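To keep things clear, I will list the structure first and then write my remarks on it.
None of the values given here were measured: they were computed from a predicted structure. All chains are named by letter (A, B, ...) in the order of the sequence lines, taking the proteins before the strands, and each is independently numbered beginning at 1.
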2 protein chains.
Amino acid sequence: MATACAHCPLHRSSLFLDHSPDDTRFMQQFKVGEMTIDPGTTLLMEGSNSPQLFTALRGMGLRYKTLADGRRQVLNLVFPGDFIGLQAGLMGEMGHSVQATSAMTLCVFDRAGFWSFFRSHPERAFDLTWLAAVEEHFMGEALTSMGQRTALGALAWAFVRIMQRGESIGLAKDGIMPLAYRQQDMADALGLSLVHTNKTLARLRSRQLANWHDGILSVPNLEKLADVAGMELESLPKRPLM
Amino acid sequence: MATACAHCPLHRSSLFLDHSPDDTRFMQQFKVGEMTIDPGTTLLMEGSNSPQLFTALRGMGLRYKTLADGRRQVLNLVFPGDFIGLQAGLMGEMGHSVQATSAMTLCVFDRAGFWSFFRSHPERAFDLTWLAAVEEHFMGEALTSMGQRTALGALAWAFVRIMQRGESIGLAKDGIMPLAYRQQDMADALGLSLVHTNKTLARLRSRQLANWHDGILSVPNLEKLADVAGMELESLPKRPLM
DNA sequence: CGGTCGATTGACACCTTTCAATACGGGTGG
DNA sequence: CCACCCGTATTGAAAGGTGTCAATCGACCG
């Protein structure tokens with residue numbers, strides 16, 4: 001049973017910019033349906049040219065690139081509210097793959113109707129560009145983290161950002177939220193080996209900074225964790241919801 | 001003496017998508033003037049809200065973030081054809097700083113006229129989004145490089161991409177092109193220490209893979225260098241020119 | 001000529017990776 | 001019902017890449 005855009009639970013989140021009623025109507029007509037996929041399902045493949053675009057409604061996933069020798073780099077975690085497939089829609093093919101790590105529900109949009117954004121709804125086209133800029137901004141932060149932080153700091157940074165995102169969309173309560181990834185996923189995201197990631201997680205746990213166990217992340221004191229990461233505790237930039 | 005958009009030398013480059021005559025006229029009217037700056041000049045500051053946007057015409061620069069403790073992460077090198085200030089234009093403020101490392105000539109656009117893109121010229125708005133997607137794509141590649149490659153591979157990767165870009169805009173001839181950065185800049189871009197960068201450069205030189213000296217980069221055999229980087233030698237994705 | 005900036009080198013410490021082995025839970029087939 | 005297999009998490013030890021500290025050198029400049 002598909003959710004009506006007008007009643008989309010994500011709209012209540014503080015993270016997203018408001019829609020005008022007209023925008024909501026427009027998105028509704030643009031929406032083809034809803035889709036549920038199992039953990040492990042690959043939604044989009046690098047180099048593919050999907051006829052569809054998505055917005056994550058529920059569940060988690062990740063974007064990643066695969067290298068020639070089989071290793072992979074996780075570019076980004078996918079959370080509810082994220083728009084998926086922009087690159088394919090614009091550049092013709094995906095620069096990375098997208099996979100679900102938990103059960104996911106997605107809004108499905110038709111790529112063919114995509115162009116009408118730019119012709120008939122300039123505000124929505126503007127939002128799309130904004131979204132791309134937000135992604136770039138975040139990726140710049142990730143790059144900085146990998147380049148300048150030690151493993152402990154990098155994990156701390158990641159957990160702070162994750163917790164902030166979780167709080168802003170109502171996934172987190174009192175510093176506790178679900179986090180459906182394997183240690184290998186996090187290792188690939190931060191450019192660390194699995195073994196070292198595991199040991200660094202143990203260190204964060206013993207210092208009572210963050211505890212990630214059985215798909216549950218708990219952070220007793222976000223400020224202390226941010227301190228370890230050497231980051232300012234700023235709120236996430238607002239972003240459009242497609 | 002300002003260059004007319006219709007005679008912009010960059011249009012002849014294979015890297016950029018074509019403009020329609022109408023697009024060219026539109027950009028011309030949007031262009032406020034030209035600007036020349038000295039090496040070392042900061043064009044945009046992180047957190048600032050510039051009233052102007054730029055396209056690099058000549059010269060080189062870099063985008064970077066500064067950390068609390070004074071270190072910095074170089075996000076991207078700036079080459080002729082790059083659009084500067086999109087984040088400020090969209091999100092209100094820059095997520096990074098932009099600095100010239102050589103003398104630069106820039107096209108100056110007025111941010112106020114920016115919005116007319118989306119209302120009156122949907123194709124150009126589309127290009128803008130495309131541009132943001134290309135940047136994100138490239139940053140994903142950089143992230144992969146930092147996360148998965150060793151120092152030797154990372155430098156090789158960087159030089160391949162730089163040489164490709166140089167060739168596509170006519171800066172490089174026979175594997176030789178100007179490259180106006182310090183070793184420290186490249187170190188900050190790849191998340192390496194200055195010392196290690198220096199030693200790795202020496203290694204590339206002794207193996208006759210790449211020689212970067214006195215602002216000149218020379219690569220005798222691009223394929224061999226790409227091989228060291230462990231990358232496929234694909235051509236750069238086409239991008240819009242603003 | 002002293003001073004500054006960027007490039008270069010050597011030695012050493014440290015973070016991270018790699019190799020190996022164990023533990024634990026869930027699923028499957030005998 | 002139990003043995004077996006597989007994916008994930010953990011742990012120890014050794015090897016290797018990278019960072020830090022320090023000193024030298026050359027070019028440019030006031």
Side-chain angles (χ1 to χ4, degrees), chain A residues 38-41 60 62 67 69-74 99-102 145-158 179-206 210-217 228-230, chain B residues 38-40 60 62 67 69-74 99 101-102 145-158 178-207 210-217 228-230:
Chain A
D38 289 329
T41 306
M60 298 179 187
L62 39 79
L67 284 72
D69 59 8
R71 287 175 310 175
R72 65 174 193 169
Q73 172 69 41
V74 170
Q99 190 182 70
T101 57
S102 77
S145 197
M146 286 196 34
Q148 308 296 337
R149 281 187 244 266
T150 179
L152 192 74
L155 267 169
W157 171 81
L179 191 61
Y181 301 94
R182 296 166 304 157
Q183 293 186 356
Q184 183 73 64
D185 296 328
M186 207 55 72
D188 288 343
L190 301 175
L192 300 168
S193 72
L194 172 60
V195 173
H196 196 53
T197 301
N198 179 289
K199 288 174 180 169
T200 306
L201 284 171
R203 202 138 54 98
L204 281 173
R205 206 177 304 138
S206 74
N211 194 333
W212 177 33
H213 238 347
D214 298 319
I216 304 289
L217 171 65
V228 170
Chain B
D38 290 328
M60 299 178 184
L62 39 79
L67 285 74
D69 59 9
R71 285 176 309 176
R72 64 172 194 169
Q73 173 70 39
V74 170
Q99 192 183 69
T101 57
S102 76
S145 196
M146 285 194 39
Q148 307 297 338
R149 280 187 244 267
T150 179
L152 193 73
L155 267 169
W157 171 80
L179 191 62
Y181 301 94
R182 297 166 304 156
Q183 294 188 354
Q184 183 72 65
D185 296 327
M186 206 56 70
D188 288 342
L190 301 175
L192 300 169
S193 73
L194 171 60
V195 173
H196 196 53
T197 301
N198 180 289
K199 288 173 180 168
T200 306
L201 285 172
R203 202 138 55 97
L204 282 174
R205 206 175 305 138
S206 74
R207 290 171 61 175
N211 193 335
W212 177 33
H213 238 348
D214 299 319
I216 305 287
L217 171 66
V228 170

**Prompt:** Is there side-chain contact between A/M186 and A/L62, with heavy atoms separated by less than 4.5 Å?
**Reply:** no
**Asked** Is there a side-chain contact between A/L204 and A/L155 (heavy atoms, below 4.5 Å)?
**Response** yes
**Whole-Å distance separating the CD atom of A/Q183 from the P atom of D/dT10** = 5 Å
**Request:** Using a 4.5 Å cut-off on heavy atoms from C-beta on, say whether the side chain of A/L190 contacts that of A/T197.
**Result:** no
**Item:** Distance in angstrom units between B/Q148 CD and D/dG17 C1', rounded
**Value:** 15 Å
**Request:** Measure from CZ on A/R149 to C1' on D/dG19 and round the result to the nearest Å.
**Result:** 18 Å
**Message:** Using whole Å, what does the distance between atom P of nucleotide D/dG26 and atom NE2 of B/H213 come to?
**Reply:** 13 Å
**Request:** May I ask you to say whether A/D188 pairs ionically with A/R182, meaning some side-chain N is under 4.0 Å from a carboxylate O?
**Result:** no
**Fill in**
5'-most contact on DNA chain D (nearest-nucleotide basis), A/W212 vs A/G147, goes to A/W212
**Request:** Could you tell me from which nucleotide to which nucleotide of DNA chain C, 5' to 3', there is an atom under 4.0 Å from chain A heavy atoms?
**Result:** C/dC15 to C/dC19
**Asked** What closest approach, in Å, do A/A154 and A/S145 show between heavy atoms, and which atom pair accounts for it?
**Response** CA-OG, 3.9 Å
**Asked** Which of residues 186-199 of chain B have a heavy atom under 4.0 Å from DNA chain D?
**Response** B/G191, B/L192, B/S193, B/V195, B/H196
**Complete:** One should read off an interatomic distance between B/R203 CZ and B/N198 CG, to the nearest 0.5 angstrom, of 12.0 Å
**Prompt:** Which atom names give the shortest non-hydrogen contact between B/A229 and B/G153, and what distance separates them?
**Reply:** CB-O, 3.7 Å
**Prompt:** Between A/R182 (CZ) and D/dC6 (P), how many Å, whole number?
**Reply:** 17 Å
**Message:** Using the side-chain hydrogen bond (donor to acceptor under 3.5 Å, both in side chains) criterion, which residues pair with A/Q99? Sequence neighbours excluded.
**Reply:** none
**Message:** Just the rounded figure in Å: distance from C1' of D/dT11 to CZ of A/R205.
**Reply:** 13 Å
**Prompt:** To the nearest Å, how far apart are B/D214 CG and D/dA27 P?
**Reply:** 10 Å
**Message:** Testing the basics here: between B/Y181 and B/W212, what is the closest heavy-atom pair and its distance to 0.1 Å?
**Reply:** O-CZ2, 3.1 Å
